[in-house]
Amino acid sequence: MSDQNYTPKSKLGKWFNDRLPLLTLRAHLTDYPTPKNLNYWWTFGAILTFFLIAQIITGIILAMHYIAHADLAFESVEHIMRNVNYGWLIRYFHANGSSMFFLAVYIHIFRSLYYGSHKSPREVIWVIGMIIYFLMMCTAFMGYVLPWGQMSFWAATVITNLFSAVPLVGESITNWLWGGFAVGSPTLTRFYSLHYLFPFLIFGLVILHIWALHIPGNNNPIGIDVKQPSKDTVPFHPYIVLKDLFALLVFLLLFAFFVFYSPNLLGHPDNYIEANPLVTPNHIVPEWYLLPFYAILRSIPNKLLGVIAMFASIFVLVILPWLDTSKVRSAIFRPLYKQFFWFLVADVIILGYMGAMPAEGIYLLVARVATGYYFVHFLIILPILGYKEKTLDIPLSITDPILENSTNQSLAKEQINKK
Amino acid sequence: MKNILKPILLLAIFTTISFSSNASEQSKKLLNLEWSFKGFFGKFDRASLQRGYQVYAEVCSACHSMKYLSYRNLAEAGGPEFSEEQAKVIASQYEVTDGPNNDGEMFTRPARLSDNFVGSFANEEEAKAANGGSYPPDMSVLVKARKGDANYIYSLLLGYDDPPSDFTLDEGVYYNTFMSGNKIKMAKPLSESLVQYSDGTPATEEQMAKDVTTFLAWAAEPHLEARHKLGFRTVTYLIIITILVYFSMKKVWSRIETEV
């Protein structure tokens, strides 16, 4: 790193940097020491940052052409698709971008769970991350309402109706949310306003998320602290930047497949039917990324308890760092936790599937079992596992196991000697 | 450890598949055509689009509107690609209400290229009144609004049949194999030689169904060809830059002993 100790040379640069050290902030970001054993599951942070910015940019352009009004919204979306230059590209980018955003965030979250990135000293990063995730779900839900198709309208109706389960003031809350006595134009305009606001809140939280990350530094697949920064870490630039870029490009290939060749695969056909308050669709389903929570909501027969269970399922994630009592971070050294981790992954996939099915018969039964297991995992298995599990031996440093596994051991050592 | 993971994932996949096959058993399998516009290089068949427009104009448009299309779309690249003159002639066959003029009065004039397709009914209520109480859906995005898209529309058009003996139908309701509940309020729209194709193609039911479905698929996705073209360029570019970045990364990481 030739420019490791960059300081502004010009008089103006020095003057400015003394007052706001923006010019030397870059050096802080590029030199940021990163564990060198990070695998590709760690590249999703960069992918998420890309998608957040891409969603904001495409969203701002869509907002230039979109009309938030119950009578005009559907038409304005068709106007974007047909008459705006490359409007189809921007809209499909934005719509499929949200799916990719959630796919990446789920991988990011499960990576955290697997390698114990949520544990001390990274609890605050995790909690901020969960707030971001919650805001993402709100933003995505409100964005789904904006095209004002049948699914938009009825998803808005179902979700806002949940608040009517609140005792005493439930009805007042729903009327307040709607801005009337049913979902209509006032609901649409406030959703639009908030859908525009929330991404900027998320952006601010992402800065805090990264700031909090740069205090303890990255976790890594082995889950142990960096012992010798000179040996265990590499500077963020160019090593991690290139790796993140490569992973992003591969991810973009998947994204391009959706945008250009199956842009409506992840959407629901009913959303191309204009909203009609008099016709209820056969099955009202949210977007795929919200299905597990929808399944939890419907699996409880009581409306209020269902709403509580749904919010609780997110809340247990927030308090996860204190539920997971094991001192060992990485699942590599936790044979039992590793199994339960994959049980949880399967459980969430099953919940997601049940969320897309009608809530009856066998589907409802499976959804109930899966909901039960979800809470058992976080509230019973994880706390007990920390005390009962016999963990494997942990390597002394990040560099050690890598050298052992390396086929070119002598070569590697030679290189170190040269340095 | 690995041995336990496999069964779990297999179980999850198995449950998912067994449930999804359960769900799909309920509806009859749609007719499946090899549409020219499917696939990575899919393009519309220009002649089929023009014939499809003819079927729409002479048959479907009696009841179904197409309010998001304009006459200029008929002459645009990637569509039926009528010449601008042809599109102007088509537009001029319809009347639109314009105004108010300088005297403050509304007047009618022949449609221009910039006008949206003119529907047969003034509003939804009139359409319902003329069609036994059910609204013939607007066809602009109909293909995208149905599960099975083009195949569904094609199947539905050819799905009219005599009802089974134990099946009772009310007045003005028809039996269709592919409609959910098998009851449809639209009378069988196509019959042999219903239209006279100007290019001499025999107007069989299958041919007309195929042509009009192609036309509707274009109407729902008028920029499909541009999308496929740009998609190919984007993917090519992404693959090249991905390879370049991969080797740059390898080169840079070779300075340290860790494998990427």
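Per chain, numbering begins at 1; letters A, B, ... match sequence-line order.
The candidate from A/N264, A/V241, A/D347, A/V250 with the greatest count of non-hydrogen atom pairs under 4.5 Å with chain B is A/N264. Interface remark: of the candidates A/N83, A/L89, A/N39, A/N282, A/N83 forms the most heavy-atom pairs closer than 4.5 Å to chain B. Between chain A and the options B/A145, B/G148, B/S248, heavy-atom pairs under 4.5 Å are most frequent for B/A145.
Between the side chain of A/R82 and the main chain of B/A219, a donor-acceptor pair closer than 3.5 Å is present.
Counting all heavy atoms, side chain and backbone alike, A/W88 lies closest to B/R227 at CZ3-CG, 3.1 Å. Of all non-hydrogen atoms in B/K144 and A/M81, the two that sit nearest each other are NZ-CE, 3.9 Å. Closest heavy-atom contact between B/T234 and A/F260: OG1-CZ, 3.5 Å.
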- Just do the side chain to side chain contact (heavy atoms under 4.5 Å, CB included) check on A/L249 and B/Y246 with the steps written out, would you? CA-CA 10 Å; A/L249 288 166; B/Y246 176 76; over 6 Å; no

- Begin with the C-alpha distance, continue with both residues' side-chain angles, and end with the deciding distance and a verdict on side chain to side chain contact (heavy atoms under 4.5 Å, CB included) for B/L230 and A/Y86. CA-CA 11 Å; B/L230 189 62; A/Y86 290 99; 4.1 Å; yes

- Query: What do the steps show when you test A/K243 against B/W253 for side chain to side chain contact (heavy atoms under 4.5 Å, CB included), and what is the final call?
  - Reply: CA-CA 9 Å; A/K243 196 168 168 178; B/W253 276 81; 4.1 Å; yes

- Applying side chain to side chain contact (heavy atoms under 4.5 Å, CB included), run through A/I273 and B/R146 and close with a yes or a no. CA-CA 9 Å; A/I273 303 172; B/R146 295 292 180 274; 3.6 Å; yes

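Heavy atoms from other residues, nucleotides or ligands lying under 6.0 Å from CG of B/N123 number more than 12. Around atom CZ of B/F121, more than 12 heavy atoms belonging to other residues, nucleotides or ligands sit under 6.0 Å away. Other residues, nucleotides and ligands contribute more than 12 heavy atoms inside 6.0 Å of the CH2 atom of A/W288. In B/K38, the NZ atom is crowded: over 12 heavy atoms of neighbouring residues, nucleotides or ligands sit closer than 6.0 Å.
With a 4.5 Å cut-off on non-hydrogen atoms, B/A226 touches chain A through its backbone and its side chain both. Proximity to chain B (any heavy atom under 4.5 Å) is restricted, for A/E274, to the side chain, taken from C-beta onward. Contact annotation for B/R233: neither backbone nor side-chain heavy atoms come within less than 4.5 Å of a heavy atom of chain A. Residue contact with chain A, scored on non-hydrogen atoms closer than 4.5 Å, involves the backbone and the side chain of B/T242 alike. B/K67 touches chain A through its side chain: at least one heavy atom from C-beta onward sits under 4.5 Å away, while N, CA, C and O do not. For A/F341, no part sits under 4.5 Å from any heavy atom of chain B, backbone or side chain. Residue contact with chain A, scored on non-hydrogen atoms closer than 4.5 Å, involves the backbone and the side chain of B/S140 alike. Looking at B/E76, neither its backbone nor its side chain comes within 4.5 Å of chain A, counting heavy atoms on both sides.
In this structure, the ring of B/H228 has its center less than 6.0 angstrom from the ring center of A/Y261.
Taking 4.5 Å as the limit, some side-chain heavy atom of A/Y239 sits within range of a side-chain heavy atom of B/I256.
In this pair, A/F74 and B/Y68 present their aromatic rings tilted. The plane angle is within the 30 to 60° band.
The distance from atom CG of A/N276 to atom OH of B/Y135, rounded to the nearest 0.5 Å, is 10.0 Å. Rounding to the nearest 0.5 Å gives a distance of 6.0 Å between CG of A/L252 and CG of B/L238.
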